[in-house]
There are 2 protein chains.
Amino acid sequence: MEQDMDEHMDKDMTASGPRGAAPAARAGTRERLIGAGVRLFGLHGFEATSTRALATEAGANLGAIPYHFGGKEGLYHAVAGHIVDVMLAQVGPSMAGALAVCQDPAARREDVLAALRTTVRGMVRIMLATPEARSFSQIVLQEQIAPTSAFPIFYERFLKRVHGMWCVLLARLTGLDPESTELTLRAFATMGQLVIFRMAMASALRRLDCDRLDDAHLECIARIVCDQVEAMTESCSPVCTEATS
Amino acid sequence: MEQDMDEHMDKDMTASGPRGAAPAARAGTRERLIGAGVRLFGLHGFEATSTRALATEAGANLGAIPYHFGGKEGLYHAVAGHIVDVMLAQVGPSMAGALAVCQDPAARREDVLAALRTTVRGMVRIMLATPEARSFSQIVLQEQIAPTSAFPIFYERFLKRVHGMWCVLLARLTGLDPESTELTLRAFATMGQLVIFRMAMASALRRLDCDRLDDAHLECIARIVCDQVEAMTESCSPVCTEATS
DNA sequence: GTCTATAGTCGGATAGAC
DNA sequence: GTCTATCCGACTATAGAC
C-alpha cells in the first residue's frame, strides 16, 4: 500500500551482502526483480502476473519479494517508480528545453515549433521505438484505464508534467489562457494523437498489415502530430503568434 | 477459446425452461451473466474478475457459467459480442450516414463536415456520456493494450469499420488516397483525440479538478476534434475540396 | 436448467534453517 | 540475504442430486 519501502534503492549495487563473492557480477536481487516486474507486469498486467513467475524471471527466490518489497504490491509500486525515473530521464531534457523556449519572450514562432518537433520526436521514441517502450507504456496505460494505488506515482511525477508542458507550448502558440478548460482539453487531445499508436498498436499493425512500426511510420506519426498542432495554432487564433520577435 | 457457443443467444428470452414459472419476470440467467460480465470485467479486467463474483453479481449459480458459456473465457467472449452489438447499434446509423455523404459526388464540403460533426458527437456520446460507456470502453481498451483471444471480435466487427469510416471521411476532405499509409495514420490520430478522454479520464478529471465530465466538457471535446479535422483538411491539401459542388 | 458439494490447482505470504 | 518447505485461502471446473 505504502511506498516508503523503496528508499534504499539507488545505492549498494556492489555491496550485496556479507559474503563479498560475485556481488557485481549479477545485479542485485532487488534490481532484477524490478526488471522482471517491468517485463511481466507490462505483458500481462498486475493481477495476471504471479509472484512465482516474477521470481523465476528474475532468477530470484519467491521469498525475496516479501522481503525486499513487502509483497507483490510493493514490488509493483517500485516498478512504477523505476518507470517514471527512466521516462523522466529520457524526455525531461527536451521538455525543459521546450519550456525554456516558451518562456523566452524573444523566441520566434519558428523557435517554438522547432522545440515542439524535438519534443514530439522524443515522445515518439520513448513510446514507440525503444525496446522497453512496450512494457513501460503498457503499465502506464493500464493505470490510466483502471487506476490502482500506483496511479499517483505516474500522474504526479510524470503525466502532470508532460501535460503541463503541452499546455505551456500550446498556450504560447495559440495565445489561449494556459489554465483555461479549452487549452487543457486541447493538450489532452494532442497527446491522444500520439498515445493511440501505443495503445491501439495491435489494431494499427493489423490495419497496416505489418508486424512492427518502421522508421517511416514513426516519422509520419511525428509529422502528423506536429502538422496538427501547427494547423490548430493557425486556425485557432491567427492573432497571438507575433512572430519575428 | 472458440466462440461457437454463443449462437443460440437472441432467442428464447421467454421460454427459459421446462417449468414455465416466472420466465419473463427476471431476464434469463444467460443475459444476467452477460450483464454482470460487462460490469465486472469492465471494472477489474478479465484476470481480476472471479467466476464467484460474476455469479453473485448476476444472482446466478456458479455452475451456470461453465454450463452456458463453457467457462469464464466463453462468458468473456459473449460479453465482447454483446458490447460490439450495442455499440454498432448506437453509432452504426451516423456512420452509415457519413459514408453515404462521402460517396455522394454532389455533396458539398459543408455537407461532409456536417456529417463529421454528427458522427463525432455520436462517438463522444457512446464513449463518454452514457452510463454503460465506462464498462464498454474499459473492456475495449484493455483489449487494445493487451489483446487476448477476444481481440478479433472487437477489431473485425467494430474497430475496422470505424477506422474505415474515418479513412473515407478524411479522404473525401483531403483528397488523399484512402489506402495510403498517410491517411491510415491520420485516421488513427484523429480517433486518438477522442479515445484519450476515455482512456485517461482519471488524469483528465484530476487535471480539471472535477469528478465527471459535464456537457460543456463533452461539447468542447467534440468541437476540438471537429476543428482539428477541418484544420487538417485545409492545411493538408487546400486543393481537392472543390466546394459548392 | 439449477443447485450443492467437492475436486484439483494455484495464488501470496510465512517460518525457520543456513 | 537467501533458500526450502509449508500453510491457507481462492480460484475454476466438475459430478451428481433434484
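Here is how names work: the chains are called A, B, and so on, in the same order as the sequence lines, proteins then strands, and each is numbered from 1.
Atom pair B:K72:NZ and D:dC11:P shows a separation of 9 Å (rounding to whole Å applied). Whole-Å rounding puts the B:E47 CD to D:dA10 P distance at 18 Å. Per the geometry, CZ belonging to A:R32 stands 8 Å off P belonging to D:dT2, to the nearest Å. Atom-to-atom, CG of B:N61 to P of D:dA17 comes out at 17 Å; the value is rounded to the nearest Å. Distance CG (A:L40) to P (C:dG11): 12 Å, rounded to an integer number of Å. Separating the OH atom of B:Y67 from the P atom of D:dG16 is a distance of 17 Å, rounded to the nearest angstrom. Atom OH of A:Y76 is separated from atom C1' of C:dA13 by 21 Å (rounded to the nearest Å). Protein atom CG of A:L33 is 14 Å distant from nucleotide atom C1' of D:dC3, rounded to whole Å.
Atom CZ of B:R157 has more than 12 neighbouring heavy atoms from other residues, nucleotides or ligands inside a 6.0 Å radius.
Using a 4.0 Å cut-off between a side-chain N of Lys or Arg and a carboxylate O of Asp or Glu, A:R121 and A:E219 qualify as a salt bridge.
Contact check, B:T29 against C:dT2: a side-chain N or O comes under 4.0 Å of OP1 or OP2. Taking 4.0 angstrom as the limit, B:T51 places a side-chain polar atom (N or O) nearer than this to OP1 or OP2 of D:dT12. For D:dT12, neither phosphate oxygen OP1 nor OP2 lies less than 4.0 angstrom from any side-chain nitrogen or oxygen of B:R52. Between B:S50 and D:dA10 there is no side-chain N or O to OP1 or OP2 distance below 4.0 Å.
Between the side chains of A:D214 and A:H217, a donor-acceptor pair is found at a separation under 3.5 Å.
Checking A:L62 against B:G63, the closest nucleotide of DNA chain D that is more toward the 5' end is the one next to A:L62.
Among the heavy atoms of the strands, none lies under 4.0 Å from B:I65.
B:A78 and B:F69 make their closest contact through CB-CE2, 3.6 Å (heavy atoms, listed as atom of the first residue, atom of the second, distance).
Ring geometry for A:F136 versus A:H82: interplanar angle over 60°, hence perpendicular rather than tilted (30 to 60°).
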